[in-house]
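Quick note: residue numbers are just sequence positions, from 1. Just follow the structure's listing: the first ligand is 1, and inside any ligand the first atom is 1.
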Amino acid sequence: MSKYIVAVVGATGLVGQEMIKTLEQRKFAVKQLIPLATKNSVGKKVKFKGASVPVKETKDSLFNGVDLALFAGGGTASQEFGWEAVRRGAVVIDNSSFFRMRPDVPLIVPEVNIKQIKKHQGMIANPNCSTIQLCVALKPIYIKLGIKRVVVTTYQSVSGTGKEAIEELQTQVKTIVAGKKVKPAVYPKQIAFNVLPHIDKFMENGYTKEEIKMVNETKKIFSDPNLAVSATCVRVPVYTCHAESVNVETMKPLSVDALRALMSKSPGLTMIDDPAPTADDPNRRTYPLSVELAGTDNVYVGRLRKDPSVECGYDMWVVADNLRKGAALNAVQIAEFLF
Ligand SMILES: NC(=O)c1ccc[n+]([C@@H]2O[C@H](COP(=O)([O-])OP(=O)(O)OC[C@H]3O[C@@H](n4cnc5c(N)ncnc54)[C@H](OP(=O)(O)O)[C@@H]3O)[C@@H](O)[C@H]2O)c1
């Protein structure tokens, strides 16, 4: 039954496009799709269920009658139109960071804290892409063992920055291979053949805003202000999927095999963790890889091992598609729960 009028703000962007694809793939009951963007996109069309739907410039009045508004138009669009869409009757699921830390806006990862959605007042926030995959991986550990401290280093793909960043990487690779000098525009420094320990702007304490977001959002999602989290966020020249090196110190011990078995049963989580080569195939080593997992739905964990430097601690490697579980899929899962 197609029941709902659904607006997608940022419909021409990477996340907006993935949202439209995800709504169709998961057969969300869309009666009418309203793709919205800036006035620069008027005249463009998006594909949905075999039809070409014209993109409109985002305006307050276009939210009249809308049941669900998925926002992926950046912080400015969310600030300008988010609550206005709620006032006009829509439930808004917002991908920007603008409302995430407001106490009246639940910050939801369905596998982790769906119960917190009950408090919503029309606006629900989707967490940062790196935070979502971290929380899905931590959830079974948090419940079974308790977590004292998490130290995470991210390896974030360029699609996490948006469509212009993909073009920048492609252009820089061609320019460098041709022996010419690059002129960074989207990123502060060269991204091709490089790693940048710099995502979003630097704060007074030396951390970047992306790192602070990961810390604060993780505490909010687990409703645990005492959860100790330290993050270093790094951009790498990978198109899609964020990878994370995660060190977790727990309150209680558990063998690595038992932890692996526990995590493999956790919703939304898949273990890819068999690094030992076999006698007949010395190259067969399995761990999560960005290039193999782009376009898939789950959060993948591998390289799980006991950290010998503390009594109860583990290291692991966590990978997920930032456009799917890190953005579009998480938003559509929230919508599926609500509707
Ligand atoms: N990329 C990710 O992995 C990821 C993950 C989690 C969250 N997010 C968040 O999702 C949002 C979109 O990211 P993206 O990667 O899809 O960016 P993107 O590829 O650059 O696309 C941006 C989209 O927003 C539209 N837009 C920009 N300003 C607007 C405005 N004032 N009003 C209405 N629409 C506007 C653009 O329209 P035009 O094409 O007309 O310019 C375009 O459709 C951002 O808030 C981002 O932080 C992204």
**Student:** Taking the basic N atoms (NZ, or NE/NH1/NH2) and the acidic carboxylate oxygens, is any pair closer than 4.0 Å for Arg26 and Glu336?
**Tutor:** yes

**Student:** Need the ligand 1 atom indices (1-based, order shown) with element for anything under 4.0 Å from a heavy-atom of Val15.
**Tutor:**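 Within the 4.0 Å cut-off of Val15, ligand 1 contributes 1 (N), 2 (C), 4 (C), 10 (O), 13 (O), 14 (P), 15 (O), 16 (O), 48 (C).
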
**Student:** Under 4.0 Å from a heavy atom of Gly160: give me the atoms of ligand 1 that qualify, with their elements.
**Tutor:**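 In order of number, 1 (N), 2 (C), 3 (O).
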
**Student:** If we set the cut-off at 4.0 Å for heavy atoms, which region of Ser159 has an atom near ligand 1: side chain, backbone, both, or neither?
**Tutor:** backbone

**Student:** Got a sec: does the CZ of Arg149 have more than 12 other heavy atoms crowding it under 6.0 Å?
**Tutor:**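 Check fails, neighbour count at 12 or below.
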
**Student:** For residues 186-208, pull every pair meeting salt bridge (Lys or Arg N to Asp or Glu O under 4.0 Å), keeping only residues two or more places apart or in separate chains.
**Tutor:** Asp200-Lys213

**Student:** Touching ligand 1 at all, Thr58? Heavy atoms, strictly under 4.0 Å?
**Tutor:**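 A heavy atom of Thr58 does come that close to ligand 1.
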
**Student:** Would you mind checking if Arg87 and Glu84 are paired as a salt bridge, meaning a charged N to carboxylate O distance below 4.0 Å?
**Tutor:** yes

**Student:** Should Gly13 be counted as touching ligand 1, given the test is an N or O pair under 3.5 Å?
**Tutor:**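 It does: an N or O of Gly13 is found under 3.5 Å from an N or O of ligand 1.
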
**Student:** Evaluating non-hydrogen atoms only, which member of Asn128, Val9, Asn322, Ile166 is closest to atom 3 (O) of ligand 1?
**Tutor:** Asn322

**Student:** Return the closest protein heavy atom for atom 30 (C) of ligand 1 as residue, atom name and distance.
**Tutor:** Ala77 CB, 3.6 Å

**Student:** Less than 4.0 angstrom from a charged side-chain N to a carboxylate O is my criterion; do Arg324 and Asp297 meet it?
**Tutor:**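 Looking at Asp297 together with Arg324, the answer is yes, because their closest N to O distance falls below 4.0 Å.
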
**Student:** Which is it for Phe71 and Phe63 under the ring-ring contact (aromatic ring centres under 6.0 Å, His included) test, yes or no, and what are the steps along the way?
**Tutor:** CA-CA 12 Å; Phe71 270 68; Phe63 294 101; 5.7 Å; yes

**Student:** In the protein, what heavy atom is nearest to atom 25 (C) of ligand 1, and what distance, to one decimal place, separates them?
**Tutor:**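 For atom 25 (C) of ligand 1, the nearest protein heavy atom comes out as Gly10 CA, 3.7 Å.
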
**Student:** Under 30°, 30 to 60°, or over 60°: which ring-plane class applies to Phe99 and Trp83, parallel, tilted or perpendicular?
**Tutor:** perpendicular

**Student:** Quick test: of every protein heavy atom, which one is nearest to atom 43 (O) of ligand 1, and how far off is it to 0.1 Å?
**Tutor:**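 Heavy-atom neighbour on the protein nearest atom 43 (O) of ligand 1: Thr12 OG1, 2.6 Å.
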
**Student:** Taking distance alone, with N or O pairs closer than 3.5 Å, would you say Leu323 contacts ligand 1?
**Tutor:** no

**Student:** Please work out which of the three classes, parallel, tilted or perpendicular, describes the rings of Tyr4 and Phe339, given edges at 30° and 60°.
**Tutor:** perpendicular

**Student:** Nearest non-hydrogen atom to atom 23 (C) of ligand 1 belongs to which of Ala72, Pro35, Ala327, Ala331?
**Tutor:**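 Shortest heavy-atom distance from atom 23 (C) of ligand 1: Ala72.
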
**Student:** Would Thr38 count as a polar contact of ligand 1, with the cut-off being nitrogen or oxygen pairs under 3.5 Å?
**Tutor:** yes

**Student:** Among Asn95, Asn126, Asp94, which one puts a heavy atom closest to atom 7 (C) of ligand 1?
**Tutor:**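 Ranked by closest heavy atom to atom 7 (C) of ligand 1, first place is Asn95.
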
**Student:** Under 3.5 Å between some N or O of ligand 1 and some N or O of Lys44?
**Tutor:** no

**Student:** Are Arg303 and Asp315 within salt-bridge range, i.e. N to O under 4.0 Å?
**Tutor:**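 Result for this pair is no, no salt bridge flagged.
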
**Student:** Suppose I only count heavy atoms of Ala37 and a 4.0 Å limit; which atoms of ligand 1 are within that range?
**Tutor:**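 So the answer, numbered in order with elements, is 33 (C), 34 (N), 37 (O), 40 (O).
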
**Student:** Closer than 4.0 Å to some heavy atom of Gly162 - which atoms of ligand 1 meet that?
**Tutor:**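 Listed by number with element, the hits are 15 (O), 17 (O), 18 (P), 19 (O), 20 (O).
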
**Student:** Counting non-hydrogen protein atoms only, what is the nearest one to atom 45 (O) of ligand 1? Give residue, atom name and distance.
**Tutor:**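 Protein heavy atom with the smallest distance to atom 45 (O) of ligand 1: Gly74 CA, 3.2 Å.
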
**Student:** Is there at least one pair of N or O atoms, one from Gly75 and one from ligand 1, spaced under 3.5 Å apart?
**Tutor:** no

**Student:** Run the numbers for me: atoms of ligand 1, each under 4.0 Å from some heavy atom of Gly326, listed by number.
**Tutor:**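 Heavy-atom distances to Gly326 below 4.0 Å select 5 (C), 6 (C).
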
**Student:** Would you call Lys220 and Glu217 a salt bridge, taking side-chain N to carboxylate O under 4.0 Å as the test?
**Tutor:**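 No salt bridge links Lys220 with Glu217.
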
**Student:** Could you find the nearest protein heavy atom to atom 26 (N) of ligand 1 and give me its residue, atom name and distance?
**Tutor:** Gly73 O, 3.5 Å

**Student:** Should you measure from each heavy atom of Ser96, which atoms of ligand 1 turn up under 4.0 Å away?
**Tutor:** 45 (O)

**Student:** Kindly confirm or rule out an N or O of Ser41 lying under 3.5 angstrom from an N or O of ligand 1.
**Tutor:**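 Yes - when backbone and side-chain N and O of Ser41 are compared with those of ligand 1, one distance drops under 3.5 Å.
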
**Student:** Sort and list the pairs that fulfil ring-ring contact (aromatic ring centres under 6.0 Å, His included) and have at least one residue in residues 116-145, not counting sequence neighbours.
**Tutor:** Tyr142-Phe222

**Student:** Could you tell me whether Lys306 atom NZ has more than 12 heavy atoms of other residues or ligands within 6.0 Å of it?
**Tutor:** yes

**Student:** For Lys59, is there an ion pair with Glu80 - N to carboxylate O distance below 4.0 angstrom?
**Tutor:**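 Lys59 and Glu80: not salt-bridged.
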
